[in-house]
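For reference, the structure is listed below as structure tokens.
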Amino acid sequence: MSDQTPKPDAPVIQIDIVSDVMCPWCIVGFKQLEQALGMTGVGAYIRWHPFELNPAMPAEGQNLTEHIAEKYGASAEQSAQNRKHLVDLGQSLGFAFNFGPDSRIVNTFAAHQLLDWAQEHGLQHPLKMALFAAHFQDGKDVSTQEVLLDTAQSVGLDRDAAAQVLESGSHAEETRARQQFWTSRGISGVPSMVFSGKYLLTGAQGAENYAQMLMKVVQEADEAA
């Protein structure tokens, strides 16, 4: 469940969000969605699904500026401008992006496994938010077991049980299957949000567009009732 608290009689919509912890636009899109939920008074059951922007990223990760240059051909100046835009946008949404010269992109497969496990304990959403904060705000390496376990523990998950999940790979196969489910349905970029199992919005669309979609789904549900 999201951390929005709708009125007791408010409609509740399922929203599936395909996302990667490394994706700044994923937390921007969620924060815009959060605004839309507040604007409309609609409730949401949010389920996060795994997507790896860089599945071949090695364990040591890569400097963010170098990575953006290699992957997208962006110059250091363009990269800096993009970061400033994200910082300003994040600030308007109440989320601090603390980019620096040593910011890195890291592998997120272990984080996705932990998120899959956290869903079983009703703490997937808090863990996802905490991972975004650990990466973008605190500059922590969310590919390391220690950071992942600290983050899991911070939202109320059992540290030893989380360690067992990572060490055993108990959720690795299921996480891969979930990734393939979405990519096989044409998801190639994130965030991708599916509203009520029917309507797909990709990218960070802004609070107004999300609000329109929420009301469209609520209206259709009312008409079908």
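Since the structure is predicted, the reported quantities are computational estimates derived from the model, not experimental observations.
When hydrophobic side chains of Ile, Leu, Val, Met, Phe, Trp and Tyr are connected at separations under 4.5 Å, F109 ends up as a singleton with no cluster partners.
Closest of all the heavy-atom pairs between L214 and I15 is CD2-CD1, 4.1 Å. The two residues L201 and Q205 make their nearest non-hydrogen contact at CB-CG, 4.1 Å. Nearest heavy-atom pair, D20 versus C26, reported as atom, atom and distance to 0.1 Å: N-SG, 3.8 Å. Minimum interatomic distance between I46 and I17 (heavy atoms only, all atoms of both residues): CG2-CD1, 3.8 Å.
For R176 and E173, the salt-bridge test fails: no basic side-chain N is under 4.0 Å from an acidic carboxylate O.
Q78 is linked by a side-chain contact (heavy atoms from CB on, under 4.5 Å) to A74, S75, counting only residues two or more places apart in sequence or in another chain. Listed by chain and residue number, F95, F99, F136 satisfy the ring pair (Phe, Tyr, Trp, His ring centres under 6.0 Å) test with F97 (two or more places apart in sequence, or in another chain). For S92, the side-chain contact (heavy atoms from CB on, under 4.5 Å) test picks out L89, with sequence neighbours left out. Evaluation of the ring pair (Phe, Tyr, Trp, His ring centres under 6.0 Å) rule for F51 yields no partner, not counting sequence neighbours.
Residue E208 places its CD atom among 12 or fewer non-hydrogen atoms of other residues, nucleotides or ligands, all under 6.0 Å distant. Residue E223 places its CD atom among more than 12 non-hydrogen atoms of other residues, nucleotides or ligands, all under 6.0 Å distant. Atom CD of E146 has 12 or fewer neighbouring heavy atoms from other residues, nucleotides or ligands inside a 6.0 Å radius. Other residues, nucleotides and ligands contribute more than 12 heavy atoms inside 6.0 Å of the CD atom of E174.
Following chains of ILVMFWY side-chain contacts shorter than 4.5 Å, one cannot reach Y210 starting from V18, and the two form parts of different hydrophobic clusters. A chain of hydrophobic side-chain contacts below 4.5 Å, direct or via other Ile, Leu, Val, Met, Phe, Trp or Tyr residues, connects I13 to M213. Grouping the Ile, Leu, Val, Met, Phe, Trp and Tyr side chains by contacts below 4.5 angstrom, directly or via other members, places M39 apart from M215.
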Quick one: side chains of residues 53-61, donor-acceptor pairs under 3.5 Å with protein atoms, not counting sequence neighbours, listed by atom name and distance.
| unit_1 | atom_1 | unit_2 | atom_2 | d |
| --- | --- | --- | --- | --- |
| N54 | OD1 | H67 | NE2 | 3.1 |
| N54 | OD1 | K71 | NZ | 3.1 |

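In this structure, L115 and W48 have side chains that are not in contact, with every pair of non-hydrogen atoms separated by 4.5 Å or more. The side-chain heavy atoms of L200 and S192, taken from C-beta on, include a pair separated by under 4.5 Å.
Judged purely by distance below 3.5 Å, without hydrogens or angles, the side chains of Q119 and H171 never pair a donor atom with an acceptor atom. The closest side-chain donor-acceptor pair between K128 and S19 falls under 3.5 angstrom.
The backbone N or O of G100 sits less than 3.5 Å from a side-chain atom of R83, completing a donor-acceptor pair. Panel note: side chain S79, backbone A76; no donor-acceptor pair is recorded below 3.5 Å. Side-chain atoms of N107 do not come within 3.5 Å of backbone N or O of E52 as any donor-acceptor pair.
By the 6.0 Å and 45° rule, R47 does not stack over the aromatic ring of Y45.
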